[in-house]
Amino acid sequence: MRTARRICPLCEAMCGLDVTLDSAPDGTEVVTAVRGADDDVFSRGYQCPKGVYLGALDSDPDRLTVPLIRTDDGFVEASWEEAFAAVRAGLDAVREAHGSEAFALYRGNPTAHNFAAVPYLRVLMGAMKTRQHYTASSADQMPAHVAAGAVFGSPMSIPVPDIDHTSYLLMLGANPLVSNGSLFTAPDLPRRLRELKKRGGSLVVVDPKRTETARRADRHLAIRPGTDALFLLALLAELDATGKVTPGQHAVAFAGLDEVLRLAAPFTPERVAGATGLDPADIRAVAQDLAAAPTAAVYGRIGTCTTVHGTLTQWLIVVLNAVTGNLDRPGGVMFPRSAIRPAYLPEAPMKVGRWHSRVRNLPEVIGEFPVATLAEEITEPGAGQIRALITVAGNPVLSAPNGDRLDEALPTLDYMVSVDPYLNETTRHANVILPPPRVLQNGHFDWLLSGFQVRAVVRYTPAAVELGPDQLSEADILARLAAICAGNDAPAATAAAGAKLVDGMLARAVTMPSSPVEGRDPAELLAAVTGRSDLERHLDVMLRLGPFGDGFGANPDGVTLAKLLERPEGIDYGPMEPRLAEVTIHPDGLVRLCPAEFAAQVETLAADLDRAWPEYVLIGRRALRSNNSWMHNLPDLIGGSTRCTLQMHPDDAAKLGIADGADVTITSAAGSVTAPAELTPAMRAGVVSLPHGWGHDVPGVRLKVATSAAGVNANALTDHRVVDPLSGTAVFNGVPVELTPA
Ligand SMILES: Nc1nc2c(c(=O)[nH]1)N[C@H]1C(S)=C(S)[C@@H](COP(=O)(O)OP(=O)(O)OC[C@H]3O[C@@H](n4cnc5c(=O)[nH]c(N)nc54)[C@H](O)[C@@H]3O)O[C@H]1N2
Ligand SMILES: Nc1nc2c(c(=O)[nH]1)N[C@H]1C(S)=C(S)[C@@H](COP(=O)(O)OP(=O)(O)OC[C@H]3O[C@@H](n4cnc5c(=O)[nH]c(N)nc54)[C@H](O)[C@@H]3O)O[C@H]1N2
Ligand code: SF4
Ligand SMILES: [Mo]
């Protein structure tokens with residue numbers, strides 16, 4: 001028996017866990033216990049139920065252990081070489097017939113938390129030589145990137161609440177007691193929220209449902225879905241009207257302050273009351289409390305992003321933080337410093353729409369097209385039509401808007417490859433499925449989320465279990481796929497991709513003025529790099545060139561991979577510090593509070609003021625023991641609150657003649673599903689909630705447990721035609737529906 005330290009890869013909280021392993025009769029090691037690691041400098045012993053069952057996930061008998069190839073008689077197991085040969089034949093044929101622009105890539109949510117995938121997907125994307133690039137971001141946080149890009153210049157300049165020091169946290173459309181935080185990496189949010197209260201601080205939650213988080217709040221505003229932007233404009237209008245606009249002094253000047261206040265002025269609390277369904281007195285009180293609080297942070301997530309006005313809402317949140325003096329100050333919202341983002345690397349200001357999607361002419365954002373248009377890019381004939389798709393860690397049949405259309409489109413592809421541990425609703429359409437190794441066979445460093453941490457903590461945990469002789473790492477799989485896509489599947493080509501991750505970065509760094517290694521010999525630096533794989537060596541380079549790094553000797557006390565391996569509990573470089581000047585990269589150096597493209601859309605908000613609202617609208621929710629679509633196959637995690645029910649207010653149910661537990665048919669412009677009603681006064685009347693990621697009872701999946709409690713696909717109801725126009729993000733909240741007893 002032994003214990004290994006592992007950072008949990010399941011959500012953004014990235015808890016440090018102690019995993020106890022024991023030998024099974026067949027000689028493999030299995031997990032017998034998982035415990036939050038008390039000495040972890042970030043999570044300090046916290047873990048949620050998903051972490052507890054990391055062992056069950058690791059050894060789920062339905063996880064694929066060898067590649068599968070689809071034949072006329074269904075999927076058959078194959079060796080890695082057989083699988084790659086099939087992939088090569090399939091992709092070569094598509095490239096020869098249609099060119100590489102017929103290739104598409106879809107990356108799902110777990111790739112954001114995957115040590116191998118973040119760097120190796122960049123390699124794969126480069127090799128695919130296509131603009132057909134899709135990710136779960138356009139079903140998630142893209143509005144935050146677009147807003148950050150317009151205001152600060154960089155899509156990554158997304159501030160996070162300084163929860164450990166704030167005295168007033170205004171949270172819209174987020175339920176971190178269940179989600180454990182999003183674009184806001186702070187493990188153990190229950191403790192952090194308790195401490196906020198203990199210091200005399202307040203929590204205000206704006207959510208159409210009285211959620212787990214709302215129940216802890218000092219004030220809960222049950223807003224009408226999709227109207228947060230109006231609420232935020234009313235806060236701005238009230239602050240301005242009462243002389244409470246106090247942006248403060250900053251290293252960077254703010255442009256557009258007067259313009260944005262002028263735009264907000266007509267949206268008084270009284271004027272937005274009808275549309276938002278909120279009492280004007282409550283709106284005024286929030287504005288005045290926000291102004292009076294010594295420090296305050298305004299934060300909004302999924303419930304604000306995946307709406308028609310997602311980008312405007314994210315923009316107005318930034319503006320509200322700015323006009324109350326809370327942008328970039330302790331206790332307000334701040335910009336975390338990532339350990340792997342070298343300060344010397346120049347970044348060009350973001351431009352949205354450098355190219356457009358073929359069928360619907362939707363703008364590219366950060367090099368991606370919206371997943372809402374993926375199905376028609378596959379089915380609509382013409383030059384540039386997608387003929388081959390690679391999915392990595394994604395289940396868009398359940399996660400994309402109008403997933404049923406995608407389910408119909410995928411079988412029409414000439415070729416499809418999925419890198420995924422499960423044969424599920426999406427991967428069942430693949431010609432070949434390439435499974436990554438067991439969860440515990442991956443190391444963990446959070447490349448992306450380290451840029452959203454409320455403290456500058458740096459941690460790395462290596463794989464807890466070695467790869468077996470016939471296993472490939474996820475890095476190996478992706479590098480090989482890249483070589484195949486590039487049309488050069490020689491072993492040397494695969495190896496070169498990994499090596500380039502290491503020496504490419506060094507070769508660049510030595511040429512960069514103000515880099516810690518400017519002018520040095522890359523070969524000398526390369527000899528000093530440590531790590532057992534190219535992936536670890538890549539991390540060593542990134543850490544050493546980063547803001548806390550040893551700079552290859554320039555800062556001898558700085559961090560290196562070797563130091564992190566000695567300190568699995570992590571190194572804490574302290575709380576966030578002001579850095580507005582660094583993250584603002586517009587050529588004029590200004591923070592743009594009123595970007596013209598956003599100002600032009602405010603009239604669409606005005607149009608909402610007097611419109612007629614549908615009688616019933618659908619929103620989504622998450623469950624603590626579930627993770628999007630893919631953790632319903634663990635018997636210990638499903639049941640109880642982790643069920644696919646339609647939550648609705650008892651008054652609505654009474655009106656419609658629906659009893660608790662009775663089946664309700666939910667119909668939208670896109671489709672219709674039937675789910676059992678769960679009556680709860682926590683829902684705002686007129687709003688019903690269905691979780692996404694269910695609907696597992698389709699033919700051909702290998703998910704024994706999940707299919708036994710299958711639920712229905714919420715995204716059979718969401719409409720791919722309706723997107724946030726500024727970011728192309730899918731609309732999952734505020735979907736008009738009709739309800740009838742089934
Ligand atoms: N209606 C509605 N729809 C939504 C949402 C909503 O709130 N409402 N939320 C949206 C959001 S925020 C997101 S992020 C998306 C998520 O959308 P997706 O990322 O498309 O879906 P997931 O359910 O996260 O699927 C993850 C897939 O990754 C696989 N996987 C797990 N671990 C690994 C690994 O280590 N390697 C590899 N290669 N594969 C792995 C799983 O088996 C699964 O197939 O869903 C979106 N869809
Ligand atoms: N346990 C668990 N944790 C997860 C996930 C999971 O599936 N399960 N998924 C992970 C992923 S991919 C993400 S992106 C994050 C998301 O993390 P969060 O953003 O915290 O997401 P949710 O828990 O879905 O909370 C969204 C809230 O928005 C509310 N809402 C809906 N519509 C509106 C609206 O129009 N206005 C307002 N103000 N509120 C609205 C909903 O009622 C809900 O309470 O969670 C991550 N963590
Ligand atoms: S909160 Fe749960 S799922 Fe998220 S990292 Fe911690 S243990 Fe893992
Ligand atoms: Mo997400």
Side-chain angles (χ1 to χ4, degrees), residues 7-15 17 34 36 43 46-52 54 57 106-114 116-117 135-137 139-141 171-184 187-189 205-209 211-214 221 223-228 231 300-307 313 371 391-401 403 418-422 424-427 434-436 439 442 474 477 618-631 687 689-693 714-715 717-718 730 732-735:
I7 299 168
C8 178
L10 297 178
C11 87
E12 297 187 23
M14 29 170 132
C15 303
L17 304 177
V34 179
S43 57
Y46 180 74
Q47 67 175 349
C48 83
K50 290 192 298 299
V52 176
L54 200 62
L57 181 66
Y106 175 83
R107 299 190 279 136
N109 168 270
T111 63
H113 308 287
N114 183 313
T135 83
S137 294
D140 186 341
Q141 84 288 357
M171 181 137 43
L172 301 91
N175 187 13
L177 283 193
V178 163
S179 67
N180 279 296
S182 186
L183 295 188
F184 173 28
D188 199 355
L189 277 161
V205 171
V206 180
D207 195 306
K209 180 180 169 187
T211 60
E212 296 75 356
T213 308
L221 301 183
I223 196 166
R224 183 197 306 278
T227 64
D228 296 78
F231 167 69
R301 263 314 265 128
I302 278 292
T304 61
C305 283
T306 51
T307 65
T313 311
V371 69
T391 71
V392 181
N395 194 1
V397 165
L398 296 191
S399 64
S418 291
V419 182
D420 204 288
Y422 286 108
N424 65 19
E425 300 75 12
T426 295
T427 63
L434 304 169
V439 180
N442 305 317
E474 191 146 6
I477 296 169
L618 177 74
I619 63 169
R621 69 173 185 272
R622 287 174 160 74
L624 186 59
R625 301 162 79 91
S626 166
N627 200 8
N628 298 328
S629 76
W630 68 281
M631 287 186 67
V687 181
S689 143
L690 192 66
H692 72 284
N715 285 321
L717 298 170
T718 56
F732 297 134
N733 290 301
V735 177

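Order of listing sets the numbers, starting from 1, for every ligand and every atom in it.
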Any N or O on [X] sitting closer than 3.5 Å to an N or O of ligand 2?
| X | result |
| --- | --- |
| Gly173 | yes |
| Leu172 | no |
| Val206 | yes |
| Lys209 | no |
| Asp228 | yes |
| Gly181 | no |

Going by heavy-atom distance to [atom], choose the closest among [options].
| atom | options | value |
| --- | --- | --- |
| atom 35 (O) of ligand 2 | Gly734, Ala214, Gly226 | Gly226 |
| atom 15 (C) of ligand 2 | Cys305, Ser182, Gly108 | Ser182 |
| atom 44 (O) of ligand 1 | Asn395, Asp420, Leu10 | Asp420 |
| atom 17 (O) of ligand 2 | Ala174, Ser179, Cys11 | Ser179 |

With heavy-atom distances below 4.5 Å as the criterion, would you say the side chains of Leu717 and Leu690 are in contact?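 Contact flag for Leu717/Leu690 side chains = yes.
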Of the side chain and backbone of [X], name the one, both, or neither that has a heavy atom under 4.0 Å from an atom of ligand 2.
| X | value |
| --- | --- |
| Asp140 | side chain |
| Asn733 | side chain |
| Asn627 | both |
| Ile223 | side chain |
| Asn175 | both |
| Ser689 | neither |

Side chain, backbone, both or neither: which part of [X] has a heavy atom under 4.0 Å from ligand 1?
| X | answer |
| --- | --- |
| Pro110 | side chain |
| Asn114 | side chain |
| Thr427 | neither |
| Arg622 | side chain |
| Asn424 | side chain |

What I want to check is whether the side chains of Thr718 and Asn715 have a donor and an acceptor closer together than 3.5 Å.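 A pair is found: one side chain offers a donor N or O, the other an acceptor, under 3.5 Å apart.
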Going by atom types only, do Asn175 and Thr213 share a side-chain donor-acceptor pair under 3.5 Å?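 A donor-acceptor contact under 3.5 Å links the two side chains.
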Considering only non-hydrogen protein atoms, determine which one is nearest to [atom] and report residue, atom name and distance to 0.1 Å.
| atom | result |
| --- | --- |
| atom 34 (C) of ligand 2 | Gly303 O, 3.0 Å |
| atom 47 (N) of ligand 1 | Ser399 O, 2.8 Å |
| atom 36 (N) of ligand 1 | Glu474 OE1, 3.0 Å |
| atom 7 (O) of ligand 2 | Asn628 N, 2.7 Å |
| atom 40 (C) of ligand 2 | Pro208 CD, 3.3 Å |
| atom 32 (N) of ligand 1 | Trp630 CH2, 3.6 Å |

Tell me, please: is [X] in heavy-atom contact with ligand 2, that is, under 4.0 Å?
| X | result |
| --- | --- |
| Lys50 | yes |
| Ser626 | yes |
| Asn180 | no |

So for Pro436, does at least one of its heavy atoms come nearer than 4.0 angstrom to any atom of ligand 1?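 Contact check Pro436 vs ligand 1: positive.
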Non-hydrogen atom of Gly394 closer than 4.0 Å to ligand 1: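 It does; at least one heavy atom falls under 4.0 Å.
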Could you list which atoms of ligand 3 come closer than 4.0 Å to a heavy atom of Cys8?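 Once the distances to Cys8 are compared, the set is 3 (S), 5 (S), 7 (S), 8 (Fe).
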With heavy atoms of Ser629 as the reference, note each atom of ligand 1 found under 4.0 Å away.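 The list of qualifying atoms is 22 (P), 23 (O), 25 (O).
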Is [X] in polar range of ligand 1, meaning some N or O pair under 3.5 Å apart?
| X | value |
| --- | --- |
| Asn442 | no |
| Val419 | yes |
| Asn715 | yes |

With backbone taken as N, CA, C and O and side chain as the heavy atoms from C-beta onward, which portion of Met14 lies under 4.0 Å from ligand 3: side chain, backbone, both, or neither?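 Met14 to ligand 3: backbone contact only, side chain stays beyond 4.0 Å.
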Could you tell me, atom by atom, which parts of ligand 2 come under 4.0 Å of a heavy atom of Asp207?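 Listed by number with element: 27 (C), 28 (O), 29 (C), 39 (N), 41 (C), 42 (O), 43 (C), 44 (O).
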What atoms of ligand 2 come within less than 4.0 Å of a heavy atom belonging to Thr211?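 Near Thr211, meaning under 4.0 Å from one of its heavy atoms, ligand 2 has 44 (O).
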So which of Asn424, Thr426, Asn395 actually passes side chain to side chain donor-acceptor pair (under 3.5 Å) with Ser629?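 That would be Asn395; it is the only one of Asn424, Thr426, Asn395 passing the side chain to side chain donor-acceptor pair (under 3.5 Å) with Ser629.
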Show the numbers, then the answer: is there a side-chain hydrogen bond (donor to acceptor under 3.5 Å, both in side chains) between Asn442 and Glu474? CA-CA 8 Å; Asn442 305 317; Glu474 191 146 6; 5.1 Å; no
Between atom 4 (Fe) of ligand 3 and Cys11, is there an N, O or S atom separated by less than 2.8 Å?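 Cys11 does place an N, O or S atom closer than 2.8 Å to atom 4 (Fe) of ligand 3.
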